[in-house]
There are 2 protein chains.
Amino acid sequence: MHTNRIFNFNPGPAALPLSVLEEIQSSFLDFAGTGMSITEISHRSKWFDEIVNDAIDRTRRLLKLSNDYHVLFLQGGASLQFGMIPMNFLPDGRSADYINTGTWSAKAIKEVEILKKSVRVIASSEDKNFSYIPEDIQVSPGSVYVHLTSNNTIKGTQWSEFPETSGVPLIADMSSDFMSRPFDPKAFGVIYAGAQKNIGPAGVCMVILRDDLLKRVPDDLPSMLKYTTFASTNSMYNTPPQRKLSTPAIPLFS
Amino acid sequence: MHTNRIFNFNPGPAALPLSVLEEIQSSFLDFAGTGMSITEISHRSKWFDEIVNDAIDRTRRLLKLSNDYHVLFLQGGASLQFGMIPMNFLPDGRSADYINTGTWSAKAIKEVEILKKSVRVIASSEDKNFSYIPEDIQVSPGSVYVHLTSNNTIKGTQWSEFPETSGVPLIADMSSDFMSRPFDPKAFGVIYAGAQKNIGPAGVCMVILRDDLLKRVPDDLPSMLKYTTFASTNSMYNTPPQRKLSTPAIPLFS
């Protein structure tokens with residue numbers, strides 16, 4: 001029956017392991033003996049707390065995250081992060097550094113420009129059609145963060161060693177290679193990744209955020225656009241995308 | 001096997017019909033003969049286009065929507081709409097009218113205040129613990145829209161007739177009673193509803209928006225926070241919450 005499984009290498013969601021899909025399927029009408037589908041249980045229930053906390057614990061263990069990092073689940077994908085990062089961490093009158101290694105970096109840069117905030121592109125491989133990763137990265141004086149895209153699927157480039165930023169928070173969109181290789185999370189202030197490529201189905205975006213950065217979040221952002229809202233509620237300020245945090249996401253890497 | 005099904009009346013997601021859950025379950029490993037789960041197919045595929053367009057067509061038919069309304073699917077729930085509505089439709093220097101009939105109205109009002117925009121609460125039932133729906137609503141001169149919550153689950157009140165706003169766009173959070181009764185959509189500029197109560201699982205929010213309002217959307221909002229982005233891409237600017245738009249959402253009402 002499953003000998004003809006097709007793997008999608010087109011844009012959007014990627015394949016999930018068959019065992020993961022089968023586990024979702026078999027428990028779909030009765031999650032953990034609740035008599036309810038996971039799509040039906042309350043996000044204020046102990047069952048759902050366990051799902052979220054298990055996903056967080058596995059993430060912490062796999063990435064060897066220290067306690068000063070939050071593991072958050074947001075909606076809107078990396079595309080919403082492109083806006084939220086500058087809204088939360090780039091005050092007017094300050095500037096952030098971006099490294100442009102392709103389509104997704106360029107989209108992240110564009111969102112800062114849309115917000116009329118100050119962005120410096122401190123390195124780019126656009127001169128050779130994004131065919132390489134820039135070296136000798138120099139952080140600008142006064143930069144509030146440095147943003148990069150860890151892997152560029154369209155051009156086939158990937159950072160092997162991440163730049164040293166002398167204490168300026170490094171922020172990475174890891175959507176397309178998150179959890180596909182070991183890396184040192186301590187180098188980063190924020191890591192974000194839309195789940196659909198590597199860790200689960202579309203509709204949830206994992207954000208790993210160092211605690212001290214929460215102090216930078218301004219008050220005048222809508223609640224759903226502040227990282228503090230998610231950090232203070234274990235990502236359950238409102239009803240989360242409930243099917244997306246289920247165990248299937250994580251056995252991939254354990 | 002399914003005689004012990006439990007219905008969740010707690011906060012968050014509500015029950016889905018068993019036939020809907022069974023359809024999801026049976027097609028979960030092989031959606032429409034694709035050899036892929038719906039969680040795996042590309043959102044740029046004809047299969048997914050059909051899912052989205054079918055959900056839109058059913059919505060149009062059930063609500064008797066005219067062609068000047070867009071049917072959009074966003075993430076972030078009604079809580080993100082509380083912020084997006086004023087970000088998109090309430091320019092600085094103007095004012096919007098809100099009607100306060102309970103917890104969710106108050107949350108919507110609070111998000112306008114967070115944005116430091118001007119909100120007028122033109123009617124409220126707070127004086128009697130939100131036990132009634134205010135009557136004789138008077139729209140403020142110059143108001144750019146009027147916002148209300150169509151149903152208040154916590155206090156058990158519901159609008160039976162919606163107020164006449166003399167051409168000022170009426171915006172309604174219908175999360176808890178959307179598609180549970182007939183109503184005239186022509187009275188509204190925007191209707192939004194988190195799916196998880198009435199039309200499907202958590203993780204998608206339906207937004208029905210009258211076309212002329214798109215002209216009011218400012219340029220300087222992040223792409224994922226502009227309604228124009230979703231209207232111009234049939235809600236597929238980025239990877240959508242793919243399991244949430246599947247047929248299960250709609251057979252409830254057809």
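Just so you know, these numbers come straight off a predicted model, no measurement behind them.
- Residue with the most contacts toward chain B among A:Leu221, A:Leu225, A:Leu74, A:Ile114: A:Ile114 (heavy-atom pairs, distance under 4.5 Å).
- Of the residues listed (B:Glu111, B:Lys107, B:Lys110), the one engaging A:Ser223 in a side chain to side chain donor-acceptor pair (under 3.5 Å) is B:Glu111, and it is the only one.
- Taking 4.5 Å as the limit, some side-chain heavy atom of A:Leu115 sits within range of a side-chain heavy atom of B:Pro222.
- In this structure, A:Thr39 and B:Leu21 have side chains that are in contact, with non-hydrogen atoms separated by less than 4.5 Å.
- For a residue to count as touching a neighbouring chain, one of its non-hydrogen atoms must lie under 4.5 Å from one of that chain's; by this rule A:Thr34 touches chain B with the backbone only.
- Only the side chain of B:Lys226 comes within less than 4.5 Å of a heavy atom in chain A; its backbone stays farther off.
- Between the A:Glu40 side chain and the B:Ala15 main chain, no donor and acceptor come within less than 3.5 Å of each other.
- In this structure, OG on B:Ser37 lies 10.5 Å from CG on A:Leu18, to the nearest 0.5 angstrom.
- By a heavy-atom distance cut of under 4.5 Å, B:Met87 are the residues of residues 84-92 of chain B near chain A, going up by number.
- In this structure, A:Gln75 and B:Gly76 approach most closely via the heavy-atom pair OE1-N, 2.9 Å.
- Minimum heavy-atom separation, A:Pro13 to B:Ser42: CD-CA, 4.2 Å.
- Both the backbone and the side chain of B:Asp220 come within less than 4.5 Å of a heavy atom of chain A.
- Separation of atoms CD1 (B:Ile24) and CD (A:Gln25) is listed at 11.5 Å; rounding is to 0.5 Å.
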A:Ile41 vs B:Ile6, side-chain contact (heavy atoms from CB on, under 4.5 Å): CA-CA, chis, key distance, verdict: CA-CA 9 Å; A:Ile41 63 174; B:Ile6 305 294; over 6 Å; no
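- Between chain A and the options B:Ala78, B:Ser45, B:Ser79, the largest number of non-hydrogen pairs under 4.5 Å is found for B:Ser79.
- The minimum heavy-atom distance between B:Leu29 and A:Glu22, with the atom names listed, is CD1-CG, 3.9 Å.
- Between chain B and the residues A:Gln196, A:Arg44, A:Lys116, the most heavy-atom pairs under 4.5 angstrom are made by A:Gln196.
- Only the side chain of A:Tyr237 has a heavy atom closer than 4.5 Å to any heavy atom of chain B.
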